[in-house]
Amino acid sequence: MTKRALITGITGQDGSYLAEMLLGQGYEVVGMVRRSSTVNFERITHLMDDIEFAAGDLLDQMSMIEILRTHRPVEVYNLAAQSFVQTSFGQPVLTGETTALGVTRLLDAIRIVDDSIRYYQASSSEMFGKVMEVPQTEATPFHPRSPYGVAKVYGHWITVNYRESYDLHASSGILFNHESPRRGLEFVTRKITHGVAQIALGQASELRLGNLDAKRDWGFAGDYVEAMWRMLQQDTPDDYVVCTGETHSVREFCELAFSRVGLDYQDHVAVDERYFRPAEVDLLVGDATKACEQLGWTPRTSFAQLVEMMVESDLEALKREHGA
Ligand code: NAP
Ligand code: G4F
């Protein structure tokens, strides 16, 4: 029997990789997209003929009930969110409505329409915030440092609560930062690799960044979507940390990215107060032992391979754009 999966956030970085993976496994994929005045399908143009699209919004519960009734998925991957931490400080209420309450709207829609649906919640290492231990595991207490992190803690606990209250097959993946050439330009890794490519091609001379000392456990998004899928294939729903177990600073990311094009980051990076946050997450590094032992998942892409992949992709894209 062909399985049908619904992905919210299909136009985002992870949605595009997950859709690719599920289609490759023979799934029928339904993608929930919200209305906007211009289409936003850049990351999934190559999949447009294979995906069925359904109009809906995490802010609108009826739209999700209708999608579940019409398309009858057996798995739902909730990847949609206001996902940019910096924006969450400026728009905390919208972030809460989408990233926190949106989860309850969708879980309730599942409970009403078909409580046998298997559900994946995109939780985040941002929930650990001011970390209580190093490395962070499923048992590490949360101390979020942004409205986004607070909203994700709510989304995480409401998922656990619906699992315990209504016996839903609802799992939560606590994913550490994962990047790719499809990462939004506002996130620091892609901002750096795009900036490096512009500077290498003579289209810019400077890159303005915030806190260079923040450390993150960065992996490749293409590897991480496989862990999401594996969670929903388990007999019992649960929560899993997904990470590489290595941490690197923003400064190290810069050093490596600039060195790929033969440049010294110190000649081009300027620190700009505008990119500092009211409260920072200084250090994230996870321990994915549980995901490794129970899901058989391990990351395949190293930090150096990730940086190289992103720099190369931005160089190629800019060259194409400028006809070089
Ligand atoms: P992303 O690229 O920012 O994509 C977010 C997606 O959510 C987009 O498709 C966006 O649609 C959609 N969306 C936003 N508001 C919506 C709404 N009100 N209704 C319906 N859809 C809405 O994020 P990502 O990096 O792929 O991350 C996927 C999920 O994992 C997010 O929940 C994120 O918070 C979480 N997460 C990410 C990371 C990471 O490092 N990438 C780590 C941990 C957790 P538009 O295209 O229309 O804007
Ligand atoms: O790339 P970032 O914006 O990612 P952040 O805040 O870690 O959040 C990402 O990962 C979370 C998982 O832990 C996800 F849940 C979330 O959705 C998102 O995908 O910033 C990374 C670090 C921060 O410490 C920030 O202060 O880089 C620092 N940074 C320094 N200069 C900068 C900049 N961040 C951005 N975006 N832009 C800068 O110029």
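Just so you know, ligand 1 is whichever comes first in the structure, and atom 1 is the first atom listed for that ligand. Numbers here are sequence positions counted from 1.
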Ligand 1 and R43, any nitrogen or oxygen pair closer than 3.5 angstrom?
no

Selected option - heavy-atom contact closest to atom 13 (N) of ligand 1, from R105, M64, Q13, R34:
R34

Which residue from G12, A151, A80 reaches closest to atom 22 (C) of ligand 1 through any of its heavy atoms?
A80

Walk me through it: do R230 and Y240 pass the test side chain to side chain donor-acceptor pair (under 3.5 Å)?
CA-CA 11 Å; R230 286 179 183 243; Y240 298 90; over 6 Å; no

Suppose we call two aromatic rings close when their centres sit under 6.0 Å apart. Are Y162 and Y119 close by that rule?
no

Could you tell me if any non-hydrogen atom of K152 lies under 4.0 Å from any atom of ligand 1?
yes

Whether R69 and D114 form a salt bridge (side-chain N of Lys/Arg under 4.0 Å from carboxylate O of Asp/Glu) is what I want to check.
no

Just distances here: any N/O of D57 and N/O of ligand 1 closer than 3.5 Å?
yes

Tell me whether R208 forms a cation-pi arrangement with Y275, defined as NZ or CZ under 6.0 Å from the six-membered ring centre and within 45 degrees of its axis.
no

Considering residues, nucleotides and ligands other than R260, do more than 12 of their heavy atoms fall under 6.0 Å from its CZ?
no

Would one find an N or O of L58, backbone or side chain, under 3.5 Å from an N or O of ligand 1?
yes

Counting heavy atoms under 4.0 Å, the part of D272 that contacts ligand 2 is neither

Just to confirm my output: which protein heavy-atom neighbour is closest to atom 11 (O) of ligand 1, and how far is it?
T11 OG1, 3.3 Å

Looking only at protein heavy atoms, which one is nearest to atom 23 (O) of ligand 1, and what is the separation?
S83 OG, 3.5 Å

Could you check atom 43 (C) of ligand 1 against the protein and tell me its nearest heavy-atom contact, residue, atom and distance included?
L175 O, 3.1 Å

Indicate whether the side chain of T140 and that of E133 have a donor and an acceptor atom separated by less than 3.5 Å.
yes

Closer than 4.0 Å to some heavy atom of R183 - which atoms of ligand 2 meet that?
9 (C), 18 (C), 19 (O)

Taking only heavy atoms of F84, which atoms of ligand 2 are found under 4.0 Å from at least one of them?
3 (O), 36 (N)

Y148 near ligand 1 by a heavy-atom separation under 4.0 Å:
yes

Using distance alone, determine whether V85 and ligand 2 share an N or O pair under 3.5 Å.
no

Contact between ligand 1 and R183 is defined here as a heavy atom of the residue under 4.0 Å from a ligand atom; is it met?
yes

Any N or O of V188 closer than 3.5 Å to N or O of ligand 2
yes

Which residue, F258, F187, W218, forms the ring pair (Phe, Tyr, Trp, His ring centres under 6.0 Å) with F253?
W218

If we only count N/O pairs under 3.5 Å, is A81 in contact with ligand 1?
yes

Is the closest basic N to carboxylate O distance between K215 and D282 below 4.0 Å?
no

Is the shortest side-chain N to carboxylate O distance from R34 to D60 below 4.0 Å?
no

What are the atoms of ligand 1, with element, lying closer than 4.0 Å to any heavy atom of N177?
40 (O)

Has ligand 1 got any nitrogen or oxygen that is less than 3.5 angstrom from a nitrogen or oxygen of A122?
no

Where is the nearest protein heavy atom to atom 5 (P) of ligand 2: which residue, which atom, and how far?
N177 ND2, 3.8 Å

Between R277 and ligand 2, is there a nitrogen or oxygen pair with a distance under 3.5 Å?
yes

Element-labelled atoms of ligand 2 that are located less than 4.0 Å from some non-hydrogen atom of Y275
39 (O)

Proximity flag S123 to ligand 1, non-hydrogen atoms under 4.0 Å:
yes

May I ask whether Q82 has any heavy atom positioned less than 4.0 angstrom from an atom of ligand 2?
no

H178 and ligand 1 - part of the residue with a heavy-atom distance under 4.0 Å
both

I'd like to know whether ligand 1 has E126 as a neighbour, heavy-atom separation below 4.0 Å.
no

For atom 28 (C) of ligand 1, what's the nearest protein heavy atom and its distance?
L79 O, 3.3 Å

Based purely on interatomic distance, does W218 place a nitrogen or oxygen under 3.5 Å from a nitrogen or oxygen of ligand 2?
no

Relative to the heavy atoms of M32, which atoms of ligand 1 are at a distance of less than 4.0 Å?
20 (C)

Heavy-atom contact check, 4.0 Å cutoff: does N40 meet ligand 1?
yes

Is ligand 2 less than 4.0 angstrom away from at least one heavy atom of E280?
yes

May I ask whether Y148 places a heavy atom under 4.0 Å from ligand 2?
yes

May I ask you to identify, for D14, whether its side chain, its backbone, both or neither come under 4.0 Å of ligand 1 on a heavy-atom basis?
both

Please state which part of K191 comes within less than 4.0 Å of ligand 2, counting heavy atoms only: side chain, backbone, both or neither.
side chain

